[in-house]
Amino acid sequence: MSYSPGEIENKWQTKWSEQEAFEPKDDKTLEKKYILSMFPFPSGRLHMGHVRNYSIGDAMARYYRKQDYNVLHPIGWDAFGMPAENAAIKHGRHPKEWTYANIDYMRKELATLGLSFSETREFATCDELYTKWEQEFIIKMFEEKLLYRESTTVNWCEDCHTVLANEQVEEGCCWRCDNEVELKEMPGYYLDIRKYADELLEDLKLLEGKWSPQVLTMQSNWIGKSQGLEFDFKLSTASKEKLKGEFEGFDVFTTRPDTIYGVTYTALAPEHPIVKALIKNALLEAKVIEEIKNIANMTEVERAKAGKVGFDLGITVIHPLTGEEIPVWVANFVLASYGGGAVMSVPTHDERDFEFATQYDLPLKYVIEGGKEGEAYTGEGVLINSEELNGIKNTKAKAEVIKLFEEKALGKGTTNYKLRNWGISRQRYWGAPIPFVHCEACGLVPEKVENLPIALPEDVEITGEGNPLENHPTWSKCTCPKCGSEAKRETDTLDTFVQSSWYQFRYATDPKKWNACGIDKEDVNYWLGVDQYIGGVEHAILHLLYARFFTKALRDVGFIDDLKEPFNNLLTQGMVLMDGAKMSKSKGNTVDPDALVEKYGADTARLFTLFAAPPQKELEWNDSAVEGAFRFIKKLYDRRSKVSSKELPIIDHSSLNKEEKIARAKVYDALKKSIDVYEKTFTFNTLIAACMEALNALDKQENEQVWAEGLYIITHLLEPIIPHVCAELSEELFDSKNLQGKLEVLEEVFVQDSLTLGVAINGKRRNEIEVDAGASKEDIIAMAKASVEKWLEDKTVVKEILVPKKMVNLVVK
RNA sequence: GCGGAUGUGGUGAAAUUGGUAUACACGCCAGACUUAGGAUCUGGUGCUUCACGGCGUGGAGGUUCGAGUCCUCUCAUCCGCACCA
């Protein structure tokens, strides 16, 4: 019978499901492996990126399961989010109905791939039971002061009609729709991720060598720690009066305290309170006020494009060391959100300050030796024009100046972070409601835990205009959990990244307990951290930073025990490309997994994805290479006719002929390689290649025992990659015995009677010789010399190097 | 600008970690079987040369008996951040 993937795959998928073959065991004394591929958004159909992601994860899960590890390999659905609402707007379908229908369809697609997911642990993050526990966490974080509500400037996407977190703004545009992000002042809920900035940075060290350097540096840059001096600029008496005594001065932060004597002006962000006060009290020219307001309304991208723009604010501050009066400017390049929105400007040693100063003709004062007149010098050097600091190397002066400021109580050494707090409010319907209530008397009040979940209303109109929960006639009406008077329910919902920040703990929690708790500590203690996490680099900052933070926050509010990091090892898979570009619907260069499986079967789809490139690299799609993968499986399946015994034969290696010996060696080469591949390098392509080589070598000989042993081992090795055909072959040929436990490498097969050695002269390969395995060094050298005689004429051999089992190198003059 | 990575045949990629560069696969060429082949099988295939040979891992140096692998410099491509004071 020829290979028919449909039949075989159906048979085994049914069997596995009936046997509940992929459920983790309840026994916590067993050694565990938690293998997790990032869960999908139920967009409607699987794409090749999913196939790749899950093929990699499944290979690992099956490998460890076969070695008798207790394996947790779950799947679920990251089910809240904008696309569900867009579908509602476009096709008039309710987001909930759309989402669950998609899940049902995609679950079937996953099933046809034969992935070894646990079926009992599946959930969708939009399940009310999931929302319930998430809301409890949120309330607890509020009580523990990790969550707060405030009104501030936020990133607003008019297209998506919602606020975005900093991490969701890419080059000034919305990460989802690419619309330019506006700045807007409005209230929202924030998680205090800054409180964990240092821990998040420090613990990256625990992940070194386990996460890719790329992701680690991206996270570290995003957190953006820098150390420097923070101090107060006092307003001059006249300026203080001008501002009606409202301000004493303002704080600045600098990483260059060494340049303190070079300060010739200061600059404030357009949003700075002092600037606002000047505007409010009309202390600036009307034209200038207009311009400043203009800047404040610009997006960050627009500001960057506009070049450097600023205005003299007509007030001055006192230099803390020299007592000089220094002008205060407002400048469009000063960020409101960092370092207090104010900077000390040292045009001689900072490019930006220099550009600004040149443009507005502000004074320059060089304080570090080494630069040229007429440009900013940012290198190292000795201090000049710096009073008591003259002659000190600037690198050393940083600490000196901080010390000086601290002694005089003028300022202090500080650490600053680029990381901003995580804004989690979204003005959207399809998300988890933020479980708070606004009461006129009590203010912001969390919902009572026994009232959770606060569920979404089913009857809702989704038009794309405004916030559907806000527009709902009755939903937000409620009573205050504290005083019982009439109150208004919060209509913002949680960022969907909140759901994906703790799903790894939900999977680990035994489903029997899902009604009783959100996360079971004991279960989490057993299963976490995730031994292998697999997903795309696009989450290098967003999801992975949030999930790391949430882990630490959940620990501190008491929902999990001491756990530093959720994901011990991270494999970032490359994209799937077609003609050099990322597969996408809009480009029309997609390959439909369903059609692929229909035509060739799941095993071919899986084999190709793992064979065409190592998982970390981009995968270029190639139809004829898919054919090649299919051909290999057919060939493997066809060779079952070579085997008649059902046992792993015991072979007398010495009685074999040369081809038989080579075949065995190739088979065991593959077996040896497999441990490294499955446990360390994940370069499945090389293991598959080794199996192909082994099969090619087996084809060159006729020994039935060697064939039996070969297929016994090859199907064992490939089962995690092409499980259906291997299960089928294994059942037919070996009563499935080779799919349990470990196989041992027999070193004897690597012992060869004779070896082929390369012969090189001065490192240049000239010939090869065949030598007896037991030949002495002298004999080998002699043979080598004889084989390259023509190159040795008129030369003297000055050195002979024998690399055992590899080559001979003769150094001649 | 800063940071991270990657450069090997016509293509996807290997190389036991300093030891015969290009395994495996795709493609291509030739042959076999075929009415036919976009099926299957067999053989060949880095470049150059009639050949002996020469040249070959982005480029230039260096260390070494020996370098794709280590060191220095350099070029190109991809990704991330981007006025963070």
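Per chain, numbering begins at 1; letters A, B, ... match sequence-line order.
Regarding contacts with the backbone of B:A25, a side-chain N or O of A:N696 is found under 4.0 angstrom from either OP1 or OP2. Contact check, A:N685 against B:A14: a side-chain N or O comes under 4.0 Å of OP1 or OP2. Between A:T756 and B:U20, a side-chain N or O to OP1/OP2 separation shorter than 4.0 Å is absent. OP1 or OP2 of B:C26 has at least one side-chain nitrogen or oxygen of A:R631 nearer than 4.0 Å.
A cation-pi arrangement, defined by a distance under 6.0 Å to the six-membered ring centre and an angle within 45 degrees of its axis, is present between A:K672 and A:F750.
In this structure, A:K805 atom NZ and B:G18 atom P are separated by 19 Å, rounded to whole Å. Rounding to whole angstrom units, CG of residue A:L718 and P of B:A25 are separated by 13 Å. Here B:A85 presents its C1' atom at 9 Å from CG of A:L335, a figure rounded to the nearest Å. B:U40 atom P lies 9 Å from atom CZ of A:F630, rounded to whole Å. Here the P atom of nucleotide B:A82 and the CD1 atom of A:I541 are 8 Å apart, to the nearest Å. The distance between atom CD of A:E693 and atom P of B:A15, rounded to the nearest whole Å, is 11 Å. Here B:A25 presents its P atom at 15 Å from CZ of A:F608, a figure rounded to the nearest Å. A:E770 places its CD atom 17 Å from the P atom of B:U20, with the value rounded to the nearest Å.
Pair check for B:A13 finds none; no Watson-Crick or G-U wobble contact set falls under 3.5 Å. Nucleotide B:A67 forms no Watson-Crick or G-U wobble pair with any nucleotide shown, as no partner meets the under 3.5 Å limit on both distances.
Ring pair A:F684/A:F611: centre-to-centre distance not below 6.0 Å. Ring centroids of A:W329 and A:F311 are separated by 6.0 Å or more, keeping the two rings apart. Between A:F231 and A:F233, the ring centre distance stays below 6.0 Å. Taking the six-membered ring for Trp and the full ring otherwise, the centers of A:W621 and A:F608 sit less than 6.0 Å from each other.
B:G44 and B:A23 have their P atoms separated by 12 Å, given to the nearest Å. Only the P atoms considered, B:U20 is 32 Å distant from B:C28, to the nearest whole Å. Taking atom C1' in both B:G1 and B:C70, one finds a spacing of 30 Å when rounded to whole Å.
Across B:A25, B:A82, B:G66, the shortest atom-to-atom separation from the side chain of A:M692 is found for B:A25. Of all nucleotides listed (B:G4, B:G53, B:U20), B:G53 comes nearest to the side chain of A:R766. In this structure, of B:G80, B:A85, B:A14, it is B:G80 that holds the atom nearest to the side chain of A:N221. Considering only the side chain of A:Y338, B:A85 comes nearest among B:C81, B:A85, B:C83. Closest contact between the side chain of A:V811 and the listed nucleotides B:C65, B:C24, B:A85 involves B:C65.
Ring geometry for A:Y637 against A:Y3 counts as tilted: the plane angle lies between 30° and 60°, on a 0 to 90° scale. In this pair, A:F497 and A:W175 present their aromatic rings tilted. The plane angle is within the 30 to 60° band.
Nucleotides of RNA chain B nearest to A:T217 and A:A689 differ in position, and the one nearer the 5' end is that of A:T217. Mapping A:F611 and A:N809 onto RNA chain B by nearest heavy atom places A:F611 closer to the 5' end of the strand.
Nucleic acid contact for A:E355: none, since no nucleic acid atom lies under 4.0 Å from a heavy atom of the residue.
Judged by distance alone, with hydrogens and angles left aside, A:K418 brings no side-chain donor or acceptor close enough to the base of B:C81 to form a pair under 3.5 Å. Between the side chain of A:K764 and the base of B:U20 there is no donor-acceptor pair of N/O atoms closer than 3.5 Å.
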